[in-house]
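Every chain is numbered from 1, with letters handed out A, B, ... down the list of sequences. This is a predicted model, so every value here is computed, not measured.
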Number of protein chains: 2
Amino acid sequence: MTVTLADVAARAQVSPATVSRVLNGNYPVAAATRERVLRAVDELDYVLNGPASSLAAAASDLVGILVNDIADPFFGIMAGAVQSEIGGPGGRAGGERLAVVCNTGGSPERELTYLTLLQRQRAAAVVITGGAVEDAEHAAALTAKLQRLTDAGTRVVLCGRPPAPETGAVALSFDNRGGGRALTEHLLALGHRRIGYIAGPEERTTTRHRLEGHRDALADTGLPRGAELTLHGPYDRATGHAATVELLRREPALTAIVAANDTVALGACAALREAGRRIPDDVSVAGFDDLPFSVDAVPALTTVRLPLAEAAARAGRIAMGREQEPPGGTATIHGELVVRGSTGKA
Amino acid sequence: MTVTLADVAARAQVSPATVSRVLNGNYPVAAATRERVLRAVDELDYVLNGPASSLAAAASDLVGILVNDIADPFFGIMAGAVQSEIGGPGGRAGGERLAVVCNTGGSPERELTYLTLLQRQRAAAVVITGGAVEDAEHAAALTAKLQRLTDAGTRVVLCGRPPAPETGAVALSFDNRGGGRALTEHLLALGHRRIGYIAGPEERTTTRHRLEGHRDALADTGLPRGAELTLHGPYDRATGHAATVELLRREPALTAIVAANDTVALGACAALREAGRRIPDDVSVAGFDDLPFSVDAVPALTTVRLPLAEAAARAGRIAMGREQEPPGGTATIHGELVVRGSTGKA
DNA sequence: CTGTTAGCGCATTCAC
DNA sequence: GTGAATGCGCTAACAG
């Protein structure tokens, strides 16, 4: 029914092995022979059977990219950057790798499921983006899974999450703590003393680190840590909106709000406008990540720029073995405070 | 080295065939035996070999999702929705399918490459999102490729692009033309007569249809089609910004701008503000898609809401065979005009 | 540089 | 309900 490598071999009057060698290009073949084979491939419209190839070679060209939420530009940008480094030539068969993005939805279970699926496919590499869930049980399961993946020869790179010691996984982590600190220091320097904080979902590394940076800055100034002015929620505008309403209720004299990320900050801005508060005259707002739309917000958002695309591209290159791992298998990537119109004097 | 099905069989004291049957669940097995096998799987930490399984079964659990730009929320939302319908149980082995998102970057070549890669993997289904490039040569190649995929038993669903006749692919297309028309009619009704149009990239179905809708509306009113007030560019804010500057140069008396999508509209708004034009008092602005951030723009964007998530979810279900195909294999999905603060009287 | 041989790990006939 | 045998399509040693 379907055309196989043997059919191509017959048509080109060579052995199957030769066809395989031509296709994989990892072996010397006479130019004339190669020509003949390629012509036969073309004429028969032959497409290599991936599963068979992977089975025989005990390796595949699949590269997995795990993201928490594919609809969030934060992850979209990283996924695109990783993929652009991977899609090119360099694979075993035909010089093409299949870079696949898997959407975990932030669920630890789905994260593990996808890793199993990738393990099952004998993926060449896996890049895991975004923060991790801080649950002891899940952490243990994840560690074990990563261990097994690296043992099986799959290269694992974490991008935007803390290192996973003892697993053989490379980690490029963001300095969320430093960024959070810089943001709050900026607000403190502007004279703000009553600062609301809208944190990300609980039990996640990213959330915790950004929040810790915020509290570190407050502590340095001798201010109370302001736990009562901290709310948690998903990284979406609805969270920013609802949390802002609640913060204003708890502390009407609020002069600044720091949001978990830019999307949340946008929701906060909307709620403030609805409440009749001017930004930044009445209340300053700051985000995190510097997503593309942030510069177009009105007023433009003060935020911490994370080099998402650059970091992800690097993760992709490391996953492909085209760039050396950082010393110790770990590197920290720093953000940059970007001051715009949404923050002003208290 | 790695644990195989035979190892599991030995440990459970059954034949490899029985283990296979337990794992695939497509065959009656005594409860006690199943228990024993599952325990052995657990104890040995066995993971099915995907390539071997796919080779033997001549089918795989891979489902591909093609997107033009994964960093664009338009595609992120659709990809997430498709994936949520696919990730669940229902696959052959272990009840899990691997839904993979492939980023074509809008390049026809990469689109074909990814399709070949998925064909090579014997993908169970493929969902292609977003508009198509309107190039005769590419169209022919694509048609042939889709034909071959469907012939090989891969279900192909197009979501957000026109039908591909004779290929066996199901199409859920957006009524971009109707949406574009509604938007411009809205502006005309507000009294606007000098309307700039910032279109998407040239040679794409989505771009053309939205633009045609715009021109249809103009023609109905007896206005010139305003080709000289139409500019093209990628779906990003930079395009919106640059095009607006140029439009204002060509026609300072402009009172409205229609953008290819919301992201472009945001860039247009930024340029207008920089030029000292108030929105909508001096110039009205409209977008397309109703992406999540559009409601938070200042002023909030008038746009055409496309039910991206719903449509993509439906495409996913059809790809999985969990929902019947629309009659004739084709359905048109209509957008909805959403009037907000960014448009007003001329 | 090319052909021959022997599996890769599993699903699926058939028997029992 | 279960076991034994066969082959999926390809790659990777070996020879030559």
Side-chain angles (χ1 to χ4, degrees), chain A residues 1-38 40-41 44-62 91-94 119-122 124 152-153, chain B residues 1-38 40-41 44-61 91-95 119-122 124 152-153:
Chain A
M1 200 63 232
T2 64
V3 181
T4 75
L5 184 140
D7 298 330
V8 176
R11 184 165 183 94
Q13 295 178 308
V14 294
S15 73
T18 299
V19 177
S20 171
R21 294 195 265 250
V22 169
L23 262 30
N24 290 306
N26 304 325
Y27 220 83
V29 176
T33 315
R34 190 208 321 286
E35 272 313 309
R36 212 143 28 94
V37 169
L38 290 178
V41 166
L44 294 176
D45 217 13
Y46 169 70
V47 174
L48 186 68
N49 184 315
S53 167
S54 296
L55 173 58
S60 91
D61 281 330
L62 218 63
R92 279 179 27 264
Q119 182 184 5
R120 179 181 292 177
Q121 298 297 331
R122 306 305 191 247
Chain B
M1 199 62 230
T2 64
V3 182
T4 76
L5 185 142
D7 299 329
V8 175
R11 184 164 183 95
Q13 294 179 308
V14 295
S15 73
T18 300
V19 177
S20 171
R21 293 195 263 251
V22 169
L23 261 32
N24 290 305
N26 303 326
Y27 218 85
V29 176
T33 315
R34 187 206 325 287
E35 273 313 309
R36 212 144 28 92
V37 169
L38 291 178
V41 165
L44 294 176
D45 217 13
Y46 170 69
V47 173
L48 186 69
N49 183 313
S53 169
S54 296
L55 174 58
S60 92
D61 282 330
R92 277 178 31 261
Q119 182 184 5
R120 179 181 291 178
Q121 298 296 331
R122 305 305 190 248

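- At dT11(D), one or more side-chain N or O atoms of Asn24(A) fall inside 4.0 Å of OP1 or OP2 (strictly under the cut-off).
- Taking atom CG on Asn26(B) and atom P on dG1(D), their separation rounds to 15 Å, with Å as the unit.
- Qualifying side chain to side chain contact (heavy atoms under 4.5 Å, CB included) partners for Arg11(A), counting only residues two or more places apart in sequence or in other chains: Ala40(A), Glu43(A), Leu44(A).
- Phosphate contact (OP1/OP2 of dC10(C), side-chain N/O of Ser54(B), threshold under 4.0 Å): absent.
- When the P atom of dC1(C) is taken as reference, atom CZ of Arg36(A) falls 14 Å away, rounded to whole Å.
- Side-chain nitrogen and oxygen atoms of Ser15(B) include at least one within less than 4.0 Å of the OP1 or OP2 phosphate oxygen of dG3(D).
- Taking all atoms of both residues into account, the shortest heavy-atom contact from Pro51(B) to Leu55(A) is CB-N, 3.8 Å.
- One finds a side-chain N or O of Ser20(A) lying less than 4.0 angstrom from the OP1 or OP2 phosphate oxygen of dT11(D).
- Atom CG of Leu23(B) is separated from atom P of dT12(C) by 12 Å (rounded to the nearest Å).
- Here Thr33(A) reaches the OP1 or OP2 of dT2(C): one of its side-chain N or O atoms lies under 4.0 Å away.
- Mapped onto DNA chain D by nearest heavy atom, Pro28(B) and Pro16(B) fall at different nucleotides, with Pro28(B) at the one closer to the 5' end.
- Going from atom CG of Leu55(A) over to atom C1' of dC10(C) covers 8 Å, rounded to whole Å.
- Side-chain contact between Arg122(A) and Val47(B) is present, with at least one heavy-atom pair separated by less than 4.5 Å.
- Distance Asp7(A) CG to dG9(D) P: 9 Å, rounded to the nearest Å.
- Between atom OH of residue Tyr46(B) and atom OG1 of residue Thr2(B) there is a gap of 9.0 Å, rounded to the nearest 0.5 Å.
- Using a 4.0 Å heavy-atom criterion, one finds that Ala17(B) contacts the bases of the nucleic acid, with or without backbone contacts as well.
- If you check every strand for non-hydrogen atoms under 4.0 Å, Leu5(B) touches sugar and phosphate atoms only.
- Side-chain N/O atoms of Arg122(B) and base N/O atoms of dG9(D) include no donor-acceptor pair closer than 3.5 Å.
- For Val14(A), the listed nucleotide lying nearest its side chain is dG3(C); candidates were dT11(D), dA11(C), dG3(C).
- Candidate nucleotides dG1(D), dC10(C), dG3(D) were compared by shortest atom distance to the side chain of Ala56(B), and dC10(C) ranks first.
- The heavy-atom pair separating Arg36(A) from Gln13(A) by the smallest distance is NH1-O, 3.8 Å.
- Side-chain nitrogen and oxygen atoms of Thr18(A) include none within less than 4.0 Å of the OP1 or OP2 phosphate oxygen of dT2(C).
- A straight line from CG of Asp61(A) to P of dT11(D) spans 10 Å, rounded to a whole angstrom.
- In the set dA11(C), dG9(C), dT11(D), the nucleotide with an atom closest to the side chain of Ala57(A) is dT11(D).
- Distance Tyr27(B) OH to dA11(C) C1': 11 Å, rounded to the nearest Å.
- For dG9(D), the OP1/OP2 oxygens have no side-chain nitrogen or oxygen of Thr4(A) closer than 4.0 Å.
- Atom CZ in Arg34(A) sits roughly 9 Å away from atom P in dT2(C) (whole-Å rounding).
- Of the inter-residue distances, the one linking Ser20(A) atom OG with Leu48(A) atom CG reads 8.0 Å to the nearest 0.5 angstrom.
- For Arg21(A) against dG3(C), a side-chain-to-base donor-acceptor contact under 3.5 Å is present.
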